[in-house]
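Every heavy atom of this structure was used, including side-chain atoms; hydrogens, water molecules and symmetry mates were not.
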Amino acid sequence: MKEGNDIQDYTREFTKNREAVDKYIDRLEYMSRFDSVDALDKVKGRIRKINRYKQIYNGWQKIAAVLIFPIMVLSLLQFIKSSEREVAWNETSAVYGMLSKITLPDSSTVELNSCSKLRYPSHFDSDKRVVELEGEGFFKVKSDKEHPFLVKCNGVSIQAVGTSFNILTRKNGEIVTSLKEGTVNIIKDTEKGSRNLATLAPGQTVVYDTHTSEIKEIITSDIDKYLAWRDGKLIFRRDKLPEIFEELERRYNVIFDVSRSTDLSGIFTGTFVNKDLKTILEYISMTTSLKFDVLPETMDESRIIKVE
């Protein structure tokens with residue numbers, strides 16, 4: 001009986017060991033089917049893909065860096081141009097009988113004769129310095145060859161760099177430019193561009209006619225008469241009567257009412273220093289056939305002077 005039990009125990013142990021061996025054999029067979037070289041190649045392939053993606057990403061980073069810089073610069077330039085377009089303009093006027101002096105953003109100065117007006121920006125842009133004039137003004141421009149100074153009046157530009165000069169705009173359409181120091185160019189602005197009409201030398205005066213768009217006269221002497229107003233003087237040297245009346249209107253806040261039959265073809269010569277209007281009219285009457293009748297002054301209005 002005991003011997004039979006031993007046989008059964010042996011049989012169970014053998015069967016158990018046989019099952020374990022079969023499992024190891026199955027595992028070995030599976031491992032034999034596994035290609036370690038191929039697996040290693042697959043792992044290496046995956047690593048290469050990851051590295052290639054990293055290279056592409058780094059390349060795009062460099063490209064983005066190259067593109068972003070010019071975009072930033074372009075945006076900055078557009079911002080600057082936008083700021084330039086939004087520059088505020090100032091306007092200064094000199095009332096009748098008074099002179100006015102203005103210092104511009106670049107430290108240039110302008111003296112305005114009475115009844116004159118100047119428009120100028122709060123700051124000059126990067127290309128040029130531009131102002132606008134009505135009436136008469138004396139300019140002393142700070143030298144800056146990289147940024148020309150332009151005075152615009154009635155479609156004409158007076159261009160300077162470091163210069164002192166006087167500009168007078170008349171009612172008859174004439175623009176009188178007198179150069180004291182430096183050099184200025186008289187430039188006509190057209191749809192096709194700019195045209196240089198004349199270049200002045202110190203001591204010269206150019207009279208430009210806006211109606212004909214041509215230089216009417218070049219005067220090489222008597223520049224002092226065009227600058228005398230700054231010292232309170234009036235200098236007339238064979239000047240036409242309409243031009244004299246216009247100067248007196250500006251200086252004394254009067255209006256000359258000339259009858260149609262009155263002959264204004266005469267000329268007048270005279271120098272006056274701080275003289276009243278009555279005295280000046282008396283001198284003009286003595287050398288011409290004109291008669292003046294000064295009407296009573298009206299509050300807040302210019303006095304009327306009838307001319308016969």
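In this structure, OH on Tyr252 lies 10.0 Å from NZ on Lys275, to the nearest 0.5 angstrom. The CG atom of Asn154 lies 11.5 Å from the CD atom of Glu174; values are rounded to the nearest 0.5 Å. Summarising the geometry, atom CG belonging to Leu112 is positioned 12.0 Å from atom NZ belonging to Lys101; distances are rounded to the nearest 0.5 Å. Atoms CD and SG, from Glu132 and Cys153 in turn, are 9.5 Å apart once rounded to the nearest 0.5 Å. Between the CG atom in Leu295 and the NZ atom in Lys306 there is a gap of 6.0 Å [rounded to 0.5 Å].
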_Please determine whether side-chain contact (heavy atoms from CB on, under 4.5 Å) holds for the pair Val141 and Val184, giving the CA-CA distance in whole Å, both sets of side-chain angles, and the decisive distance to 0.1 Å._
CA-CA 11 Å; Val141 176; Val184 297; over 6 Å; no
*Report the C-alpha distance between Ser213 and Tyr208 in whole Å, list the side-chain angles of each, state the deciding distance to 0.1 Å, and finish with yes or no for side-chain contact (heavy atoms from CB on, under 4.5 Å).*
CA-CA 7 Å; Ser213 298; Tyr208 172 79; 3.5 Å; yes
_Stepwise side-chain contact (heavy atoms from CB on, under 4.5 Å) test for Thr183 and Phe165_ = CA-CA 9 Å; Thr183 303; Phe165 56 97; over 6 Å; no
_Stepwise ring-ring contact (aromatic ring centres under 6.0 Å, His included) test for Phe272 and Tyr283_ = CA-CA 10 Å; Phe272 305 95; Tyr283 275 98; 5.7 Å; yes
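Side chain to side chain, Ser116 and Asn113 fail the donor-acceptor criterion of an N or O pair below 3.5 Å.
In this structure the side chain of Leu264 reaches within 4.5 angstrom of the side chain of Phe245, judged on heavy atoms. Counting only heavy atoms from C-beta outward, the side chains of Val131 and Leu150 never approach each other to under 4.5 Å. Residues Ile102 and Leu104 form a side-chain contact, since some pair of their non-hydrogen atoms from C-beta on lies under 4.5 Å apart. Residues Val130 and Phe124 are not in side-chain contact: their nearest non-hydrogen atoms beyond the backbone lie 4.5 Å or more apart. Counting heavy atoms from C-beta on, the side chains of Leu234 and Trp229 never come closer than 4.5 Å. At least one side-chain heavy atom of Glu249 sits under 4.5 Å from a side-chain heavy atom of Ile255. Contact annotation: the side chain of Arg195 never approaches that of Ile187 to less than 4.5 Å [non-hydrogen atoms, C-beta and beyond]. For the pair Leu248/Ile280, a side-chain contact is recorded, criterion being any heavy-atom separation below 4.5 Å from C-beta on.
Partners of Ser178 under the side chain to side chain donor-acceptor pair (under 3.5 Å) rule, at least two apart in sequence or in another chain, are Thr205. With sequence neighbours excluded, the residues forming a side chain to side chain donor-acceptor pair (under 3.5 Å) with Ser265 are Asp263, listed by chain and number. Residues meeting the side chain to side chain donor-acceptor pair (under 3.5 Å) test with Lys225, sequence neighbours left out: Asp239.
Applying the side chain to side chain contact (heavy atoms under 4.5 Å, CB included) test between Ile158 and each of Asn185, Leu133, Ile167, Thr163 identifies Ile167 as the sole match. Here the rule is side chain to side chain contact (heavy atoms under 4.5 Å, CB included) with Glu217, and of Val207, Asp209, Val206, Val176 only Val207 fits it.
Heavy atoms from other residues, nucleotides or ligands lying under 6.0 Å from NZ of Lys140 number 12 at most. For Glu146, the CD atom counts as loosely surrounded, since its 6.0 Å shell holds 12 or fewer non-hydrogen atoms of other residues, nucleotides or ligands.
Within the cation-pi definition used here (under 6.0 Å to the ring centroid, within 45° of the axis), Arg230 qualifies as a partner of Phe138.
In this structure, Lys142 does not pair ionically with Asp106, as no charged nitrogen and carboxylate oxygen lie closer than 4.0 Å. Between Glu243 and Arg170 a salt bridge is recorded (basic side-chain N to carboxylate O distance below 4.0 Å). Salt bridge Lys152/Asp189: present, at least one basic N to carboxylate O contact under 4.0 Å.
Shortest non-hydrogen contact noted between Ile219 and Tyr226 is CD1-OH, 3.3 Å.
Ring geometry, Phe256 versus Phe292: the interplanar angle exceeds 60°, so the pair is classed perpendicular (tilted spans 30 to 60°).
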